[in-house]
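Below: the structure, in structure tokens.
These numbers come from the heavy atoms of this one structure, side chains and all, not from hydrogens, waters or symmetry mates. Atoms within a ligand are numbered from 1 in the order they appear, just like the ligands themselves.
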Amino acid sequence: MAAMIINGKEVAQQIQDELTVRVTELKDKGVLPRLATLLVGENPASQVYIGQKRKACDRLGIISDHQTLPADITEAKLLSIIDGLNNDPGVSGILVQLPVPEHIDSVKILDAISPQKDVDGFHPFNVGKFFTEKSFSDMIDKGLFLPCTPYGIMELLKRYDIPTKGADVVVVGRSNIVGKPITMLLLAADATVTICHSRTKNLKEVCQRADIVIAAIGKPKFVTADMVKEGVVVIDVGVNRLPEGLVGDVDYENVSQKASAITPVPGGVGPMTITMLMANTIMAAKNQAGI
Ligand code: GUN
């Protein structure tokens, strides 16, 4: 059986259409959503991501201010730029593209971004907020900043009516950006969640139990057909640039023969990440305006 393809590009477009209306409504009230992006150095993948984020801003009518900073910028200088953006009432959201060069402490940088402008949802204040929330719908109702990739995955599951209540979900990868936060969001959506990583014993057997597999380990085609059960739903967060092109963390060709639904790479999770960043930026502008 061939899997249903979870079309992230299409869902992202739908949500972006909804968001464009919200931007117009805000502008009618004199509120201009503005996203400030910072890129340190010239990492080619980061340049692509920043370009995609800025293009999305343009499409939705969000102002995007970008600064590319030299790779050898001091941590103190970067912190002072962030401080300036924190104190600029015209800036709704601040995003520092990761990774930053080794000599800069990324934890210190993320801590320095004002929690009210933290559209990535990486500040410990915002992380604490959603970690302590019991229900996913309450997180949305309360207007918490959720990290964009996990938030995008939740929206995909919701819009494709993939049930999470009581579902066995295996998350492969334990990063702060995806693995850990998606675990908390799914837990709040009543899933039973297992996180696996490079040291996990019997990874294959653990994955085989999953109703939903989230692959976010950063290794091309890591999840193979023998690791999943028939009818599994597979969400592939991987973006690996190989000579053959862009591939995910899932062996798509073979896993899609067993899965009931699967996200492609590209066109799955990626467009959703960018879309949820737009949603967070609009929410930030709205909250700061007190409306
Ligand atoms: N690098 C990889 N993913 C992300 C993300 O979601 N936000 C930022 N700022 N950097 C990243």
With Thr200 via side chain to side chain contact (heavy atoms under 4.5 Å, CB included) - residues at least two apart: Cys196, His197, Leu203
Expected output: side-chain Gln116 to main-chain Gln288 donor-acceptor under 3.5 Å: no
Heavy-atom pair of closest approach, residues Lys117 and Asn86: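 Here Lys117 and Asn86 meet closest at NZ-O, 3.0 Å.
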Nearest-0.5 Å distance, NE2 of residue His123 to CG of residue Leu110: 8.5 Å
Distance-only donor-acceptor check, side chains Arg54 and Ser64, under 3.5 Å: yes
Gln47 vs Asn43, side-chain hydrogen bond (donor to acceptor under 3.5 Å, both in side chains): CA-CA, chis, key distance, verdict: CA-CA 6 Å; Gln47 287 173 337; Asn43 180 319; over 6 Å; no
List below, pair by pair, the N or O atoms of ligand 1 and of the protein that are less than 3.5 Å apart, including the distance to 0.1 Å; reply 'none' if no pair qualifies.
unit_1   : atom_1 : unit_2 : atom_2 : d
ligand 1 : 1 (N)  : Gln97  : NE2    : 3.3
ligand 1 : 1 (N)  : Leu98  : O      : 3.0
ligand 1 : 7 (N)  : Asp120 : OD1    : 3.1
ligand 1 : 7 (N)  : Asp120 : OD2    : 3.3
ligand 1 : 9 (N)  : Val96  : O      : 2.9
ligand 1 : 9 (N)  : Asp120 : OD2    : 2.6
ligand 1 : 10 (N) : Gln97  : NE2    : 3.4
ligand 1 : 10 (N) : Leu98  : N      : 3.0

